[in-house]
Amino acid sequence: MLPDDRQSRIVLRCGFARDRPSGGLRYPRRVPVRVRFAPSPTGFLHVGGVRTALYNWVFARQSNGVFVLRIEDTDDERNREEWVTAIDESMRWVGLDWDERHRQSDRAELHATAAERLIASGRTYWCDCTRDAVDARAKERGGPPGYDGHCRELDKGPGPHTALRFRTPDDGETVVVDVVRGEPTFPNASIEDFIVVRATGKVMFVLANVVDDMDMAITHVIRGEEHLPTTPKYLLLWDALGGGERPVFAHLPVIVNEKRQKLSKRRDPVALELYRDEGYLPEVMLNFLALCGWSPPGDQERFTIDEMLALFRLEDVGKSPGFFDVAKLRAFNGDTIRAMSVEEFTDRAQPWLTGALAPWPADVYDADVFAAMAPLVQERVAVLSEVPGMIDFLLRDEVTIDDGDWEKAVKPDGVAQLLDELLVAWADVTWEHVPDEREPLKDTLFSIGEGLGLNKKRTQAPVRVAVTGRSVGPPLFESLVVLGRERTLERLRAARARL
RNA sequence: GGCCCCAUCGUCUAGCGGCCUAGGACACCACCCUCUCAAGGUGGCGGCACGGGUUCGAAUCCCGUUGGGGCUGCCA
């Protein structure tokens, strides 16, 4: 949390990144804080992006700063309007609200003006080398790939197939002041003369980025680590455009898959909406994503957004890549579901029961049936999309019997007789099950099983499979009471006939 | 290839020179509970990549090695 001196609304002195006696990274803490999350609408919002957005959002909120959502939609080839909507929806779903929202495509004029200023400054030159020519020359001289400065002194003017390059310094170095990484330093000689304006006249990503950050008075650039290598270019442009005090950077560790590679939209299941539809809870996603790169002091792992607001410090963000561990996410989600009141659980499961995500036609659902089963279902699901599968045998007229389960549970010797006796006994037993008190259903079943030398597991298994279709599910006797005597006996008879 | 980044149980992490015989969580295993599956309870397995320094003392600081990753587009 920022101290009270934020009120001064001026640029503050440097502070210590950590309260360690041995000192630490010094970085300016400017106020008022203005941060931005800048996704490009080339696909759904992915979990790594949400993590970045979250850190930005928290950082802004805890210092009374401004959180800017900037849609970087300057790549006509890949942008789609529907993805813009998807980003907004995803952001809303997890509750990350923005104070300002901009479309980079609306700002082309500003970018063009900046490009002109760059040209006027003499720091750029025109180049009409094709990619192939650049590669060919690199290959020829046997040097590293990349642009060789071919057109530097050729004094070419703008024209078709001609792009504008920024002339990088030949010596010196550019250091990035980074709250999480220290001060990565790049020799300027290793930075090639990069393109800032395409032959089409459109400015490139770095330039647009710099111009917008400058114009929006961004104080802290919090983004993925993959942007670190382009940061020196950013800084060179920032200075060339006279941006004044540079923003402070925080390059967040990448999130990787099980193969330790950066999460990719193409090969990994990373769309936030995927998790939403599967029944992961937004607060759990946020908690889990917060942990991808940061952890509160001590052993605490579960926290609310308010707790995170109180505890989060950018300088405590870790440096090493983190694996997106869905198993752990599931565990978190299950715990959170179990911690809910039954009312809340019922409420939040509705999309999968009666909404667009429900696996059955609207008239199949019966709220009374669900109400009777809810507490039992609640402690058995890890994600909400598993809810309908727990009770479908109670709602549908037909049960689909799992072949594997049938073989294992119903085929064994003695089951036929078990079913025969059960059909008789359950025909007039009191149809109720009150654990620890009256358990007529249970008692009759197990005494028949016992008489046939079947243990409890083997006794309940065939009944479960005959009635529910599967060998796993919610507690049997409670389910039977909801199902009712007639339908239960009907299914038992069907199973007996099938044997 | 070049530049940059990273390195504690299988995974995510705590650790900020002595509280470390390295703590927690997820996963896994065993047992208990039990009508199945879960949940819950108890216990267990399991780690400071390697090599040099610095220091009375290093998981912690420095250097190197190795390993992993990112970037290297007229994409963002």
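Excluded from the calculations below are hydrogen atoms, water molecules and symmetry mates; all remaining heavy atoms, backbone and side chain alike, are included. Within every chain, numbering begins at 1; the chains are lettered A, B, ... in the order of the sequence lines, protein sequences first and strands thereafter.
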Could you give me the CA-CA distance, side-chain angles and deciding distance for A:Arg338 and A:Asn333, then say whether side-chain hydrogen bond (donor to acceptor under 3.5 Å, both in side chains) is met? CA-CA 9 Å; A:Arg338 261 172 262 120; A:Asn333 209 64; over 6 Å; no
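Across the P atoms, B:C62 and B:C6 are found 11 Å apart, a figure rounded to whole Å. For the P atom pair drawn from B:C48 and B:G23, the interatomic distance equals 13 Å after rounding to whole Å. To the nearest whole angstrom, the two C1' atoms, one in B:G67 and one in B:A30, are 35 Å apart. Straight-line distance between the P atoms of B:G24 and B:C33: roughly 26 Å, to the nearest whole Å. Between B:A27 and B:U21, the distance separating the two P atoms is 30 Å to the nearest Å. On the C1' atoms, B:G69 is 16 Å away from B:A49, given to the nearest whole Å. On the C1' atoms, B:G10 is 9 Å away from B:C28, given to the nearest whole Å. With both ends at atom P, the span from B:C4 to B:U65 equals 14 Å, rounded to whole Å.
Atom CG of A:Asp325 and atom C1' of B:C9 are 14 Å apart (whole Å). At whole-Å resolution of the value, CZ in A:Phe194 and P in B:G2 are 23 Å apart. Atom NZ in A:Lys328 sits about 13 Å away from atom P in B:G24, given to the nearest Å. Separating the CH2 atom of A:Trp294 from the C1' atom of B:A25 is a distance of 15 Å, rounded to the nearest angstrom. Put simply, OH on A:Tyr125 is 12 Å from P on B:C74, counting in whole angstrom units. Taking atom CG of residue A:Leu45 and atom P of nucleotide B:A76, one finds them 19 Å apart after rounding to whole Å. For the pair A:Arg302 CZ and B:U13 C1', the interatomic distance rounds to 14 Å; values are reported in whole Å. Whole-Å rounding puts the A:Phe303 CZ to B:U13 P distance at 12 Å.
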Might you list the N or O atoms of the protein lying below 3.5 Å from N or O atoms in nucleotides 71-73 of chain B, with each pair's distance?
| from | atom 1 | to | atom 2 | distance (Å) |
| --- | --- | --- | --- | --- |
| B:C71 | OP1 | A:Lys262 | NZ | 3.1 |
| B:G73 | OP2 | A:Arg131 | NH1 | 3.3 |
| B:G73 | OP2 | A:Arg131 | NH2 | 2.9 |

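Each of A:Phe323 and A:Asp73 has a nearest nucleotide on RNA chain B; the 5'-most of these lies closest to A:Phe323. Along RNA chain B, the nucleotide nearest to A:Asp299 and the one nearest to A:Thr185 differ in position, and the one closer to the 5' end is contacted by A:Thr185.
Not a single donor-acceptor pair under 3.5 Å links the side chain of A:Glu478 to the backbone N or O of A:Leu480.
Applying the Watson-Crick and G-U wobble criteria (two distances, each under 3.5 Å), B:A30 pairs with B:U42. Base pairing of B:A49: its partner is B:U65, meeting the Watson-Crick or G-U wobble criterion (both donor-acceptor distances under 3.5 Å). Base-pair partner of B:C37: not found among the strands shown (Watson-Crick or G-U wobble, both distances under 3.5 Å). Searching all strands for a Watson-Crick or G-U wobble partner of B:U60 with both distances below 3.5 Å returns nothing. With both pairing distances under 3.5 Å, B:G1 is matched to B:U72 as a Watson-Crick or G-U wobble pair.
Evaluated for a side-chain contact (heavy atoms from CB on, under 4.5 Å) with A:Phe249, the options A:Leu228, A:Val177, A:Asp178 yield exactly one hit, A:Asp178. Tested against A:Gln104 for a side-chain hydrogen bond (donor to acceptor under 3.5 Å, both in side chains), the candidates A:Asp212, A:Asp73, A:Asn79 yield a single pass: A:Asp212.
Residue A:Phe205 is in base contact, counting any heavy-atom pair closer than 4.0 Å across all strands shown. Contacts of A:Thr74 with the nucleic acid, taken as non-hydrogen atoms under 4.0 Å apart, involve only primed sugar atoms and P, OP1 or OP2. Among the heavy atoms of the strands, none lies under 4.0 Å from A:Thr42.
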Let me have a per-nucleotide readout for nucleotides 34-46 of chain B, 5' to 3', with B, S or -, counting only protein heavy atoms under 4.0 Å. -BBBBSS------
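Interatomic distance, NZ of A:Lys442 versus CD of A:Gln460, reported as 11.0 Å (0.5 Å rounding).
Closest to the side chain of A:Ser40, out of B:A76, B:C26, B:C4, is B:A76. When the nucleotides B:C74, B:C12, B:G69 are ranked by their closest atom to the side chain of A:Gln261, B:G69 comes out on top.
Salt bridge absent: A:Asp193 and A:Lys233 never bring a charged side-chain N and a carboxylate O closer than 4.0 Å. One finds no salt bridge joining A:Asp325 and A:Lys328 here, because no Lys/Arg side-chain nitrogen approaches an Asp/Glu carboxylate oxygen to under 4.0 Å. Ion pairing between a basic and an acidic side chain is recognised when a charged N comes within 4.0 Å of a carboxylate O; A:Arg438 and A:Asp443 show no such pairing. Looking at A:Glu386 and A:Arg330, a side-chain N of the basic residue comes within less than 4.0 Å of a carboxylate O on the acidic one, giving a salt bridge. Between A:Arg348 and A:Glu283 there is a salt bridge, since a side-chain N of the basic residue sits under 4.0 Å from a carboxylate O of the acidic one.
Both cation-pi conditions hold for A:Arg223 and A:Tyr234: the charged atom is under 6.0 angstrom from the six-membered ring centre and inside a 45 degree cone around its axis.
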Show the atom names and distances, to 0.1 Å, of all donor-acceptor pairs under 3.5 Å that link a side chain in residues 42-54 of chain A to residues at least two apart or in another chain.
| from | atom 1 | to | atom 2 | distance (Å) |
| --- | --- | --- | --- | --- |
| A:His46 | ND1 | A:Gly48 | N | 3.4 |
| A:Arg51 | NH1 | A:Pro253 | O | 3.2 |
| A:Arg51 | NH1 | A:Cys292 | O | 2.7 |
| A:Arg51 | NH2 | A:Pro253 | O | 2.7 |
| A:Thr52 | OG1 | A:Gly48 | O | 3.2 |

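Contact annotation: A:Arg198 side-chain N/O to B:A76 OP1/OP2 distance is under 4.0 Å.
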